[in-house]
Protein chains: 2
Amino acid sequence: MADNGLSIGQVAQRTGLSVHTLRLYEREGLLASEVRRDGSGRRVYSAWDVEWLANCVKFRASGMPLTAISRLAQLVREGSGNEAERLKLLREHQRHVIEQLAQLRDCLELIDGKVASYEQHLAAGASGDPWQQQLQPAPQERG
Amino acid sequence: MADNGLSIGQVAQRTGLSVHTLRLYEREGLLASEVRRDGSGRRVYSAWDVEWLANCVKFRASGMPLTAISRLAQLVREGSGNEAERLKLLREHQRHVIEQLAQLRDCLELIDGKVASYEQHLAAGASGDPWQQQLQPAPQERG
DNA sequence: CGTTGACCTAGACCTGGGTCTAGCACCTAG
DNA sequence: CTAGGTGCTAGACCCAGGTCTAGGTCAACG
């Protein structure tokens, strides 16, 4: 009802994580503030929790391991005073993401090339073949 | 000696894969042509094999699962006639990589934002704090 | 001749990140 | 009262992708 207070199911829906995963993340210390519980022990997530989780989702999507998110969460949990450390962590991941981007672009280039040659190949009916082991000098000893 | 004929160790060095991984990849059918063996059963990789493996490394780095690489390898192994299928596979992965790029950029934006605020925060001595759970209305019932 | 180093196979092991199950507690509706 | 739906915990399970081990074969070196 009150929309500052969501059940785990609702949070699962809006974050795209499963309830299992939400509980896992909590166990692993990914949450930056302890999740409240209602009278009968059920989790009650605040809007802020959900926002944080949304960030977690992005971190995960960019390859940040749970342990790193957990460290960050811990710093945030501990409150102000450790901002420099948080920044360091973030910068590390930032670098990592930038590297990944470079790698991906590089790889995409390769794939684009292959795709283009196959397209040509198919359009023209067997011209240059991007991958054909027979193109090398001497595989004449095969069956 | 003959540089068209490398041992597994040499290939490991130039691809950056471990010899274990090279053997794994072979078992999993990632190689597009059967690796030759010398008189005593040792693998002898051709330059072409190494090139292919380098491609595999890029595919892996861009998140292509072993099974997909294996399918592609199989198609190549089977020889010409299935280029359309190879193209399809490549296009799928291409799409995937493009999506990943978008995601990563998105995530990088988030991180850049956080990094910037922390930098400001640190430079200015506690101004706007990018993550502070206390910023929300009413967490007054905590111990 | 012994030993060193690279290689072989088969198969066990490990990590990360989930995902699912069992068995139980609530709450609400019929 | 009973059933359904949702939640809880603890812990098992699973998959991908490696990584390592045991036990053995070679070839070359001193």
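In the text below, chain A, chain B and the rest are named by the order of the sequence lines, each starting its count at 1.
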Between atom CZ in A:Arg23 and atom P in C:dA22, what is the gap in whole Å? 15 Å
Measuring to OP1 and OP2 of C:dT9, would you say a side-chain N or O of B:Arg43 lies under 4.0 angstrom away? yes
So, the side chain of A:Arg71 versus the backbone of A:Leu89: is there a donor-acceptor pair under 3.5 Å, distance only? no
5' to 3' on DNA chain D, which nucleotides open and close the contacts with chain A (atom under 4.0 Å from a heavy atom)? D:dT6 to D:dT9
Using a 4.0 Å heavy-atom cut-off, write out nucleotides 12-17 of chain C from 5' to 3' as B (base contacted by protein), S (sugar-phosphate only) or - (no contact). -----S
To the nearest Å, give me how far apart CG (A:Leu53) and P (C:dG18) are. 12 Å
Checking A:Gln10 against A:Tyr45 for the side-chain contact (heavy atoms from CB on, under 4.5 Å) test, could you report, in this order, the C-alpha distance in whole Å, the side-chain angles of both residues, the deciding distance, and whether it holds? CA-CA 9 Å; A:Gln10 294 174 311; A:Tyr45 293 83; over 6 Å; no
In whole angstrom, give the distance that lies between atom CG of B:Asp38 and atom P of C:dC7. 11 Å
Taking A:Glu26 first and then A:Arg37, would you say they form a salt bridge - that is, a charged N and a carboxylate O separated by under 4.0 Å? yes
Using heavy atoms to find the nearest nucleotide of DNA chain D for B:Thr21 and A:Glu26 separately, return the residue whose nucleotide is more 5′. A:Glu26
Spacing of CD1 belonging to A:Ile69 relative to CZ belonging to A:Arg60, to within rounding of 0.5 Å: 6.0 Å
Phosphate OP1/OP2 of C:dC8: any B:Ser40 side-chain N/O under 4.0 Å: no
Specify the separation, in whole Å, of atom CD1 of B:Ile8 and atom C1' of C:dG5. 15 Å
Reading 5' to 3' and counting Watson-Crick or G-U wobble pairs with both distances under 3.5 Å, write the dot-bracket notation for DNA chain C, | for bases paired outside the strand. ||||||||||||||||||||||||||||||
Rounded distance in Å - CG (A:Leu22) to P (C:dT19): 11 Å
